[in-house]
Every structure is written in C-alpha cells, then in structure tokens.
Amino acid sequence: MLRGSASKLEAEPLITLFGMSKLKRLPAKFYHQNTFKLAKSLLGKFIVRKIGSKILIGKIVETEAYYGSKDLASHASRGKTERTKIMFGPAGTAYIYLIYGMYYCFNIVTEAKEFPAAILIRAIQPISGFKQAALNYKIKTKFNNSEFRIQNSLTNGPGKLCRALKIDKKLNGENLINSKKLFLAENPLKTNSSQIKSAKRIGVDYAGKYKDKLWRYYLKNSEFISKK
DNA sequence: CCTGGGATTTTCT
DNA sequence: GAAAATCCCAGGA
C-alpha cells in the first residue's frame, strides 16, 4: 500500500477522505470538559493549520495532561509567570513554548480561568498537505530515502509535529475557537475508548510522585505515536 | 536491543 | 548558572 504514488502524504480530496465537504471546527463547548476527559476526547480529532493558501491537516494520536499547580511536572507548579500566564487563561487557547532551546511544544489550555491546566499534543498522523514537510525532512536527515520511515517519523513527537506544522512562539495565545491559522476540527469517525491506552508521561522524571501519573493517552493501534 | 551525550536558548533561581 | 513537557546519532551488547 505504500508503493507507487499512493503515498500517505499525498493530499486526498477531503470529500473522499472524510465524507464531508467542509471541516467542522470544534466549538468552545468542546474545550469546557474536565482536562483528563478532554485529553482523551482529543484523540482522533484533526488539527488544522493554515499557512497562506496552504492547509495542513493531522489527526491527533497522542496527548498528555498537565493539571493544576500541584502537578510538579507542570510549568504552572511554580506559579504564574510571564511564560505560564497563558495556562491560567481561558480554555481553548494555544500555549506554545520553546523546549531545550530548539523545539516548540503545542498545548491546549483547559479548565476555568486561574486554574492552570493544559494538554500537550505529543503526536499526530499526517493526513493532508505534508508532502513539503516530508521533503524538507528528507533533506535534513540521512534516512536512505525510506518513504515509510519518513512518513512515520515526521510528526511522532511534540517537537517534531510543531516543526512540520510550522507552529512557533508567534502562535502562543492563539484562540483555537476563532483562529484562521490554527484550530481543531471534528472527525466524523468516532474514537472508541477501547482504542485508548493510558501511560506515564514522558520526560518528567523530576516530578516526584507526579512522574508516575498515567496522564498520557494514545491510540494503541496507531503507527504515529511517539512511544508505546 | 539499550545507554549516553550534544545541540541550542529561554526561563527561572 | 542550571535545567528544561526533545530529538538525533553514535557506540556497545
């Protein structure tokens, strides 16, 4: 199925892909769910990124919840600062920060104002518009031109998906409920809870008892997650 | 298969 | 000045 021109990264008409002619943006109400429920509800939904006349669409396959100021893994555990003030803002806002000096991470703010919480998008499945991103990636790496390896390596991590979607600090604070550049959309195919697996969050070994919380969620049959 | 280190810069102490 | 919600690659088993 990966042979010939039938690349997974080829844009298919949305009509044949989803059985719908228009992407249906997720409304404000969607974001007003408990953070953990929402982190699971996000699995299967689409991220839509518009850059000029180009459009990139990815399916969310892995998320991670950061909940409250007691969560030692959360940036908000040290209070409201210039960086973290977004997390204390309204649900449905993008929280984007630079990590390790080189990568951006994309989060969705949740919960009521003044309660700091967010969901990190850890991995997506490229659906449409990623051909150029794949070409860029091919140039930058030494993968012996293995299409399969590249397709599965383009967005399987929080830093990588931001690179592929061209998400950076300029989109910090973007309102996903009305933004034209970055928003989420419904997937007519419902995700069943039996497809979801919970796991420990990644890269938070410093977080005391919070390091073992099973606040990472992923679609267990997806080839596009960052880690099993 | 696994482990360890380097890249690179903002943020907070 | 140290650490960081990461990624990539080299080296050893």
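Sequence lines set the chain letters: A, B, ... in the order given, protein chains first and strands last, and positions in each chain run from 1.
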Enquirer: Using centres under 5.5 Å plus planes under 30 degrees as the test, is A/Tyr66 stacked with C/dA5?
Expert: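 Stacking is present between C/dA5 and A/Tyr66, given that their ring centres fall under 5.5 Å apart and the planes under 30°.
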Enquirer: If you only use heavy atoms from C-beta on, which nucleotide in B/dC12, C/dC8, C/dA5 is closest to the side chain of A/Arg78?
Expert: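 Output: B/dC12.
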Enquirer: Find which nucleotide of DNA chain B each of A/Met102 and A/Leu98 is nearest to by heavy atoms, and output the residue with the more 5' nucleotide.
Expert: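 Looking at the nearest nucleotide for each, A/Met102 comes out on the 5' side.
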Enquirer: Under a 4.0 Å N-O cut-off, is there an ion pair linking A/Arg201 with A/Glu64?
Expert: no
Enquirer: Under 4.0 Å between any heavy atoms, over every strand shown, what does A/Ser226 touch: base, sugar-phosphate, or nothing? Just pick one.
Expert: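 No contact.
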Enquirer: For A/Arg201, which contact category applies under a 4.0 Å heavy-atom criterion: base, sugar-phosphate, or nothing?
Expert: nothing
Enquirer: Angle class for the A/Tyr67/A/Trp215 ring planes (parallel below 30°, perpendicular above 60°, tilted otherwise)?
Expert: perpendicular
Enquirer: Taking a pair as Watson-Crick (N1 to N3 plus N6-O4 or O6-N4) or G-U wobble (N1-O2 and O6-N3), both under 3.5 Å, which stems of 3 or more consecutive pairs involve DNA chain B?
Expert: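 As far as DNA chain B goes, consecutive pairing (with distances under 3.5 Å) yields the stems B:1-7 with C:6-12, B:9-12 with C:1-4.
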Enquirer: Report yes or no: is the cationic atom of A/Lys213 (NZ for Lys, CZ for Arg) under 6.0 Å from the centre of the six-membered ring of A/Tyr210, at an angle within 45° of the ring normal?
Expert: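 Yes, A/Lys213 and A/Tyr210 form such a contact.
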Enquirer: When you measure from the side chain of A/Lys160, which nucleotide among C/dT6, C/dC7, B/dT11 comes out closest?
Expert: C/dC7
Enquirer: I need the OH-C1' distance between A/Tyr100 and B/dG5, as an integer number of Å.
Expert: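 My rounded result for the distance is 13 Å.
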Enquirer: Does a salt bridge link A/Glu186 with A/Lys24, judged by any charged N lying under 4.0 Å from a carboxylate O?
Expert: no
Enquirer: With a 6.0 Å cut-off on the ring centroids, do A/Tyr97 and A/Tyr95 count as close?
Expert: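 That pair passes the under 6.0 Å test.
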Enquirer: Could a donor-acceptor pair under 3.5 angstrom be found where the side chain of A/Tyr97 meets the base of C/dA5?
Expert: yes
Enquirer: Describe the nucleic acid contact of A/Gly159 in one word from base, sugar-phosphate, nothing, applying a heavy-atom distance below 4.0 Å.
Expert: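 It contacts sugar-phosphate atoms only.
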Enquirer: Pick base, sugar-phosphate or nothing for A/Lys169, based on heavy-atom distances below 4.0 Å to the nucleic acid.
Expert: sugar-phosphate
Enquirer: Just to be sure I understand the geometry, which residues of residues 110-123 of chain A put a non-hydrogen atom under 4.0 Å away from DNA chain C?
Expert: A/Leu120, A/Arg122
Enquirer: Tell me which nucleotide among C/dA4, B/dT10, C/dC7 gets nearest to the side chain of A/Tyr103.
Expert: C/dC7
